[in-house]
Amino acid sequence: MSTPDHDALIMTITVLSRDLTTALGQLQEAAASVQAQARAALSTNLATYTETVQDKYLEQDIVYAVGK
C-alpha cells in the first residue's frame with residue numbers, strides 16, 4: 001500500500017471547505033427546512049470524521065473559529 005500524498009489531501013480539504021462555505025452561505029435565504037437538512041448532513045459528516053480519525057478537538061476548533 002502506498003503512502004498517501006498528504007499535501008494533495010490537505011489541498012483537497014481546503015478546496016472542499018471553501019466550496020462548503022460558499023454553499024452554506026447561499027443557504028442563508030433558504031427555507032428553515034432546507035437549512036435543517038444541510039445542518040443534519042454537515043453534523044453527520046463531522047461526526048463520522050470525528051469517530052474515524054479520533055479527532056476529539058474538531059468541534060472545539062469549529063466553535064472557536066466561528067466565535068472569532
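All values below were derived from every heavy atom in this structure, side-chain atoms included, with hydrogens, water molecules and symmetry-related copies excluded. Just so you know, these numbers come straight off a predicted model, no measurement behind them.
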Worksheet item: Among Thr14, Leu16, Ile10, which residue meets the side-chain contact (heavy atoms from CB on, under 4.5 Å) test with Thr12?
Response: Leu16

Show me, pair by pair, the donor-acceptor contacts under 3.5 angstrom made by side chains of residues 17-33, not counting sequence neighbours?
from, atom 1, to, atom 2, distance (Å)
Ser17, OG, Ile13, O, 2.8
Thr21, OG1, Ser17, O, 2.9
Thr22, OG1, Arg18, O, 3.1

Worksheet item: In terms of hydrophobic clustering (I, L, V, M, F, W, Y; side-chain heavy atoms under 4.5 Å; direct or indirect links), are Leu58 and Val53 co-clustered?
Response: yes

Only distances under 3.5 Å count here; give the side-chain donor-acceptor pairs of residues 37-49 to other protein atoms, sequence neighbours excluded, each with its distance to 0.1 Å.
from, atom 1, to, atom 2, distance (Å)
Ser43, OG, Arg39, O, 2.9
Thr44, OG1, Ala40, O, 2.9
Asn45, ND2, Ala41, O, 3.2
Thr48, OG1, Thr44, O, 3.0
Tyr49, OH, Asp55, OD2, 3.2

